[in-house]
Amino acid sequence: MTQAPAAAQALRINPVALRQKVAQQLERHRNGDAYPVLVVRAETAWPHDPTLLLPDGRTVRVVPCVSPLAVWEHLVAERGDEVLVLLTDVPESVLHHGVRSRIFRQRVITVEPWDLVVDAFGAQVPDSALERESWAGVALLDAMPPAGWPKLTTSVLTRDVALRHLAAVRLGLDHRGEAPDDLDVTTLLRWSAEPGAVEAYGLLREAERDGLGRWLVEQFGRPAKALFALIAAGHGAEALPLGLVCDALWSTDSADAVRAQGRVDQYFGNLNDDATVRGFAAAAVQVVSALLSAPVPEVQRQGHAVLDRAEQLLIQFNAVSSAGHSPILRTGFTRRIAAAAQALLAGLRDPAEPALDQAVEHLAGHRLADAEAERVRRIRMAQRLVRWLGTAVAAPESVADGVDRQIAEWGWVDLALNHVWAGEEAHPELQHAFREIHERAQQRRRDLDGAFAGRLAAWATAGPGNDGGLLTVENLLPRVIDPLIRADRPVLLVVLDGMSAAVAVQLADQLSPHWVEYDPLAGSGAGRRRGIVAALPTLTAVSRTSLFAGALRSGKQEHEARLFADGRWGRDSRIFHKGPARGGAGEVLAGGLAEAVSGSAPVVAVVINTVDDSLAYGREGNEAGWQLDDLGFLRSLLDQARSSGRAVVITSDHGHVLERGGEHVKALDAASARHRTGPGPAAYGEIELTGPRVVADGNRIIALWDPLLRYRPSKAGYHGGASLAEVTIPLLAYLLPNVTEPPVGWAPVEERRPDWWEPTTAVPVPVAPARQTPVPKARRKAPAAAGEALFDVPDSTTAPAAAPAAGDGDLVDALLATELFEAQHGLTPRRLEVKKIQAALRALVDAKGVLPVAVLAQRAGEVPARATGFATTLQRIFNVDNYPVLSLTDNNRTVRLDITLLREQFRLPGGSS
């Protein structure tokens with residue numbers, strides 16, 4: 001049906017536009033009557049408030065009149081002090097001259113849309129392109145917001161400005177807190193998914209629907225073209241889920257996908273444009289990815305609802321088998337889970353096979369990886385265990401060697417085992433892979449525990465000897481705390497009862513952004529994380545009391561409190577156990593604890609029992625590992641220590657093993673779940689421990705070293721035995737980053753993850769596996785074959801570790817001799833000593849280009865408080881033309897040196913010309 005010209009129609013007018021028109025007329029044509037009657041030609045439907053208020057304070061009453069008689073009746077009726085506006089769609093020629101003589105200006109006022117619209121925008125004229133959009137004037141008049149259109153600074157109202165504001169109102173951008181300038185493809189597609197949005201668009205006048213749609217397609221191209229094809233075909237509300245389906249089907253040439261494409265084409269009406277569908281699909285993936293990663297839970301739920309509908313559409317189009325490669329659909333994520341499970345099992349057979357790393361990275365690249373972060377994390381942990389199983393592991397040579405390796409490597413194994421044990425809830429093949437990997441890695445750990453137990457028995461009998469400076473629990477006070485007391489450096493000592501090396505790995509990672517970890521026993525050497533040997537048996541009553549006493553003994557909480565009262569930890573030092581440390585209602589810390597930490601006490605010791613309590617009672621939920629917020633009030637305690645400038649030492653009294661389907665061994669002489677005191681000989685899984693380190697009658701116990709055995713009924717975990725995880729106590733020592741003078745002998749810890757924790761080479765991940773030929777991946781060094789004896793050394797077929805690039809040993813000297821270095825060094829506002837630069841470069845080269853900032857400063861002889869500034873100055877020297885030769889990552893915690901780029905920029909041997 002052909003639409004009549006706008007001038008011949010009675011227009012629909014909203015209150016804002018009518019108020020503007022009436023005020024404009026009264027201002028331009030003052031006739032002496034303060035309260036005239038205006039007849040305005042407009043649609044007689046008026047669902048709004050009948051009363052309007054003019055800018056000058058006068059009241060307007062709006063009355064629709066459907067006939068000349070109705071107009072006459074209101075003219076002759078009595079009225080008060082108000083301007084009367086009669087709306088009628090009757091042409092002026094139909095009104096009798098007697099009626100016209102009684103109304104304002106003796107004529108019916110017609111509404112010219114462009115006059116009102118241009119005036120509303122504060123402009124003078126519309127541009128010719130806008131005027132050609134004959135539908136737009138009426139639409140802009142009808143859509144005028146309550147506050148009116150925004151005033152422009154130009155005299156010409158352009159087509160794009162006007163239609164962008166119109167689209168913003170019709171798409172409801174203001175309801176989402178967005179402005180017209182925020183209108184883009186993402187906004188348009190998100191709008192289509194809002195309940196009732198497409199239906200409301202369909203209620204617009206046909207001319208406005210067509211015109212606005214044309215403009216949006218012109219602005220946003222193929223995605224908008226596909227969207228409005230869907231809207232025209234009645235499927236606009238399905239746009240986002242359908243876009244995800246199209247992304248899967250139009251990115252492969254399989255026969256099933258092509259057949260499904262034909263079924264999907266019907267949803268687009270007569271579009272028949274593959275390029276448009278692909279552009280639309282790519283935009284839909286981007287939009288839904290943003291929804292899934294949004295920080296607002298409500299928005300995330302919207303994204304997951306789109307995914308759910310997309311899966312239903314896959315079934316409807318019989319296209320599930322063609323969507324396995326999708327980077328966002330649940331079907332694609334499930335397929336990648338399956339591929340990772342198969343690669344994990346294959347990795348057990350051949351650890352050198354690069355397919356495992358590729359499969360895991362492919363899974364991590366899926367858009368659902370963040371939403372399924374815990375599942376992906378467990379798969380990564382299984383991947384790491386496969387790598388570890390592919391390396392040769394020697395038995396500990398001594399107690400010191402075992403404790404050091406438990407801290408540096410095997411505690412990481414325990415952490416990975418805990419995650420893998422937590423398991424997979426839905427995918428049977430992945431469950432099978434986890435089970436196989438856990439059993440293999442657990443058996444290797446048991447073998448290591450057995451070997452360590454033999455070393456421990458000999459060491460306990462002979463007493464500490466040639467142990468490489470091994471720290472024991474009773475020596476923590478004299479070797480670590482006493483030097484701080486003598487140097488008048490206040491310290492917070494946190495004893496996380498039961499903390500194992502695996503727990504310490506996670507805790508240290510979370511503390512690293514805010515604190516600098518130090519080795520308090522480094523002396524003049526490089527810093528490393530230390531382990532402490534617990535007293536035997538590894539019980540709280542023995543090992544924790546020995547820690548606080550500074551000597552091997554057993555005791556209880558009151559004995560520990562007495563040691564502080566007697567001044568053994570320095571005058572006025574305080575200890576807080578579980579009850580007195582926790583605050584009451586509205587408090588995190590007890591008032592006495594907060595006051596002590598912020599005061600002058602040399603040592604404030606706090607015992608937190610969260611980990612130890614979990615062994616008895618278990619933990620809610622199935623999340624593996626420990627986060628900082630899981631550990632009681634530790635976060636608040638550390639914040640208090642930060643504000644008072646205390647050094648922080650976090651340690652434990654013993655570690656623990658977890659219940660992993662172990663065996664109950666009956667023993668009438670059991671003194672704990674993991675040790676007994678009877679005279680009987682040690683059986684399998686047990687070790688007899690005698691000597692001065694054993695705090696028991698006769699200085700003798702029989703302890704379980706096998707973590708799968710226990711003497712008492714099942715609980716969540718146990719301690720008291722002789723396994724590495726129970727005997728090894730982690731030591732974490734921290735100072736604030738701005739400390740200028742660390743204690744004598746303290747050096748920053750150079751965090752070194754085990755070599756098998758991350759891939760040694762970059763992993764190529766195909767973007768569209770259905771269309772691409774897989775890219776061959778560089779093989780990492782071949783580890784020992786699966787099934788190899790535990791303590792075998794790799795044979796001659798094992799590839800050696802990657803050597804430094806040729807010439808790296810002379811690289812630093814060659815660099816410092818270049819004219820470019822001399823020029824760059826001269827341009828720095830704060831001239832660094834060349835010897836510090838030289839030391840920093842050598843440290844980075846030795847570390848293969850990566851070091852913590854604090855460690856780099858320590859190696860260069862720079863004070864810790866200037867560590868970040870030191871690294872920034874190095875960047876100014878080496879980042880010629882802003883090329884990232886030297887970069888700061890991890891919130892300025894880590895320095896990375898690109899040695900290849902360094903060679904190229906400074907024209908050194910081995911670099912590109």
Side-chain angles (χ1 to χ4, degrees), residues 393-411 413-414 417 441-468 470 472-473 500-502 531-539 542-543 552 653-660 662-663 665 667 669-696 698-712 717-730 789-791:
V393 178
E397 297 177 355
S398 63
V399 170
D401 181 46
V403 169
D404 285 346
R405 292 165 72 185
Q406 176 68 12
I407 293 294
E409 181 174 7
W410 299 333
V413 174
D414 294 342
L417 279 167
Q442 184 185 60
Q443 183 57 53
R444 175 181 267 197
R445 284 292 285 112
R446 292 171 73 188
D447 292 342
L448 290 169
D449 282 327
F452 173 76
R455 302 295 188 187
L456 182 65
W459 181 76
T461 300
N466 184 19
D467 53 17
L470 181 62
T472 57
V473 69
S500 65
I532 305 172
V533 180
L536 303 172
T538 52
L539 300 175
V542 173
S543 206
L552 291 170
D653 49 357
H654 54 74
H656 64 264
V657 294
L658 296 172
E659 172 57 45
R660 293 294 182 250
E663 177 185 351
V665 179
D669 57 342
S672 76
R674 296 277 294 164
H675 87 283
R676 60 188 180 91
T677 58
Y684 173 80
E686 297 178 325
I687 191 74
E688 183 177 1
L689 300 173
T690 60
R693 288 204 58 76
V694 181
V695 184
N699 297 114
R700 176 188 175 277
I701 61 171
I702 293 178
L704 290 168
W705 58 259
D706 188 338
L708 295 186
L709 301 179
R710 53 184 166 79
Y711 294 130
R712 290 186 174 173
Y718 319 97
H719 58 90
S723 70
L724 276 159
E726 293 165 286
V727 172
T728 302
I729 300 170
L790 173 64
F791 303 127

Next on the checklist: Please check this pair: side chain of His719 against backbone of Thr538, looking for a donor-acceptor N/O pair closer than 3.5 Å.
Outcome noted: yes

Next on the checklist: With heavy-atom distances below 4.5 Å as the criterion, would you say the side chains of Thr472 and Arg693 are in contact?
Outcome noted: yes

Checklist entry - Within the side chain of Asn699, is there an N or O that forms a donor-acceptor pair under 3.5 Å with the backbone of Thr690? => result no

Item to check | NE2-CG distance between His675 and Leu689, expressed to the nearest 0.5 angstrom | outcome: 10.0 Å

Next on the checklist: What's the separation between atom CZ in Phe452 and atom CD1 in Ile687, rounded to the nearest 0.5 Å?
Outcome noted: 11.0 Å

Next on the checklist: Can you give me the closest heavy-atom contact between Leu704 and Ala673, atom names plus distance?
Outcome noted: CD1-O, 3.9 Å

Checklist entry - Hey, is the main chain of Asp653 close enough, under 3.5 Å, to the side chain of Ser543 for a donor-acceptor pair? => result yes

Checklist entry - Is there a donor-acceptor pair closer than 3.5 Å between any side-chain N or O of Arg700 and the backbone N or O of Gly678? => result yes

Next on the checklist: Could you measure the distance from the CG atom of Leu709 to the CZ atom of Arg446? Nearest 0.5 Å is fine.
Outcome noted: 6.5 Å

Item to check | Short side-chain to backbone donor-acceptor contact, Glu686 and Ile702, under 3.5 Å | outcome: no

Next on the checklist: Would the distance check show the side chain of Asp449 and the main-chain N or O of Leu724 forming a donor-acceptor pair, the cut-off being under 3.5 Å?
Outcome noted: yes

Item to check | From CG (Asp447) to CD (Gln442), nearest 0.5 Å | outcome: 11.0 Å

Checklist entry - Where do Leu539 and Gly720 come nearest, in terms of heavy atoms and distance? => result CD2-CA, 3.7 Å

Item to check | Inter-residue atom distance Leu658.CG - Leu417.CG, 0.5 Å rounding | outcome: 10.0 Å

Item to check | Reported CD1-to-CD distance for the pair Ile701 and Glu688, which is rounded to 0.5 angstrom | outcome: 10.0 Å

Checklist outcome for this item: Between Thr461 and Ala457 the two heavy atoms that sit nearest each other are OG1-O, 2.9 Å

Checklist entry - Do you know which two heavy atoms are closest between Ala451 and Ala395, and how far apart they sit? => result CB-CB, 4.0 Å

Checklist entry - Of the options Arg712, Glu659, Arg674, which is the one that meets Tyr718 in a side-chain hydrogen bond (donor to acceptor under 3.5 Å, both in side chains)? => result Glu659

Checklist entry - Any idea which heavy atoms bring Ala725 and Asp414 closest together, and the distance? => result CB-OD2, 4.0 Å

Item to check | Any Leu470 side-chain heavy atom under 4.5 Å of Val533 side chain | outcome: yes

Checklist entry - By salt bridge (charged side-chain N to carboxylate O under 4.0 Å, His left out), which residues pair with Arg455, not counting sequence neighbours? => result none

Checklist entry - Are Trp410 and Val393 close enough, and set up right, to give a side-chain contact (heavy atoms from CB on, under 4.5 Å), and what steps lead you there? => result CA-CA 10 Å; Trp410 299 333; Val393 178; 3.9 Å; yes

Next on the checklist: Do Leu448 and Arg445 have side chains that approach each other closer than 4.5 Å (heavy atoms only, starting at C-beta)?
Outcome noted: yes

Checklist entry - Are side-chain heavy atoms of Trp705 and Leu456 found at a separation under 4.5 Å? => result no

